[in-house]
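A short write-up of the structure that comes next.
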Amino acid sequence: MLDELDKRLLNRVQTNLPVVPEPYRELARELGTTEEEVINRLRRLIETKVIRRLGAIFDSRNVGYKGTLCALKVPAERIAEVAAEVNKFAGVTHNYLRDHEYNMWFTVLAPSEEKLHEIVQEIRERTGIQEYLFLPAVKIFKIRVNFDLLEEQDVE
Amino acid sequence: MLNKLERALVRELQEGLPLVKRPFLEIAQKLKISEEEVLARVRDFMQRGIIRRFGAAVRHQDLGYVANAMVVWRVPDERVPEVGRIMSSFPEVTHCYERARDPQWPYNLYTVVHGQTEEQCREIAARLSAAAGINDYQVLFSTAELKKSSMKYFLEDEW
């Protein structure tokens, strides 16, 4: 599992990395370790999928993409088949099953509003699911994805 | 709108920061520009909000946050800014969005709450409800993750 240095490293890299020629060396300096150690640990944390991605996390809207949240009412026996159709689209980045009559909730991103509607229309045609929700964001109040691991450890 | 070089830089950066001593130099060589220009453009992307964060995306489920719920709220339009602000102030709330209402679905404010258990998520929702004075809501737990991927932008571009 994760040792103390892993946790400190994870906490550190969840905020912004130094945008300098040698960012891992700078991290090593901050954490009191070596550049090699930082690179090796990051590689391991990525390989073991603790870190899903290291680097730029883009704001899709500011990149110029349009997005929406969608929900479908999928009959229980068709979930796997419908999920396969939905997930085929690269613009579908998250898809969750939820305990509700609208049970399949997914996000779609596309380069334009028109393309976004096209994708959703195509999903409806391919799956034949008629009952769906189209819920584009109007305003974002908060997106926070980093947690303090050390603090969590203290609570336990 | 991003220009061609900027789109190419997005395309490189979205593959993850190379785990080498000079990662920006590696990207620079692929784009045939200087390391300083890459660094300057990354900083510019951060300033313009195109890069929201330059760091690690971590899988929370591996780290003890086993339960998360999407809580949907029916909020009178004129109270949305205030309620959004109140709910965002809770550390357990990681996402708070206003969304368009659907004819079949009257909910217009969406929060994602994280906790150690489902029970804890319900308690957080109850506290949000009390704090904001909004009583019409539903707590939707995820029972399976069917897909989770990072978006790849501008793949159709030629460069």
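Note that this is a predicted model, so its numbers are computed, not measured. Protein chains get the first letters and strands the later ones, always in sequence-line order, with residue 1 at the start of each. Values below: every heavy atom of this structure, side chains too, minus hydrogens, waters and symmetry copies.
Heavy-atom distances place no part of A:L45 under 4.5 Å from chain B, backbone and side chain included. At a 4.5 Å heavy-atom cutoff, A:F106 makes no contact with chain B through either its backbone or its side chain. With a threshold of 4.5 angstrom between heavy atoms, A:E35 approaches chain B through side-chain atoms but not through N, CA, C or O. Heavy-atom distances place no part of A:T107 under 4.5 Å from chain B, backbone and side chain included. Contact of A:H94 with chain B is made through backbone and side chain together, with heavy-atom distances under 4.5 Å. Only the side chain of A:Y65 comes within less than 4.5 Å of a heavy atom of chain B; its backbone N, CA, C and O stay farther away. When heavy atoms are compared at a cutoff of 4.5 Å, A:A90 approaches chain B solely by way of its backbone atoms N, CA, C and O.
Side-chain atoms of B:R99 come within 3.5 Å of backbone atoms of A:L135 as a donor-acceptor pair (strictly under, hydrogens ignored). The closest donor-acceptor contact from the side chain of A:R25 to the backbone of B:K21 lies at 3.5 Å or more, if one exists at all. In terms of modelled atom types and a separation under 3.5 Å, the side chain of A:N87 and the main chain of B:L146 share a donor-acceptor contact. Under a 3.5 Å cut-off, the side chain of A:K142 and the backbone N or O of B:F90 do form a donor-acceptor pair. Side-chain atoms of B:D102 never come within 3.5 Å of backbone atoms of A:L133 as a donor-acceptor pair (strictly under, hydrogens ignored).
Most heavy-atom pairs under 4.5 Å with chain B, from the set A:I51, A:N103, A:N40: that is A:I51. Heavy-atom pairs under 4.5 Å with chain A were tallied for B:W105, B:Y110, B:F45; the largest tally goes to B:W105. Contact tally against chain A (heavy-atom pairs below 4.5 Å) for B:R85, B:Q14, B:E36: the top residue is B:Q14. Contacts with chain B were tallied for A:T68, A:I46, A:N16, A:V20; A:N16 has the most, counting heavy-atom pairs under 4.5 Å.
Put simply, the side chain of A:Y24 reaches to within 4.5 Å of the side chain of B:L17, judged on heavy atoms.
Remark: A:D99 CG to B:L140 CG distance equals 6.0 Å, nearest 0.5 Å. Rounding to the nearest 0.5 Å gives a distance of 10.0 Å between CZ of A:R98 and CZ of B:F141.
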Could you go through the side chain to side chain contact (heavy atoms under 4.5 Å, CB included) check for B:F54 and A:I57 one step at a time?
CA-CA 6 Å; B:F54 195 77; A:I57 297 160; over 6 Å; no
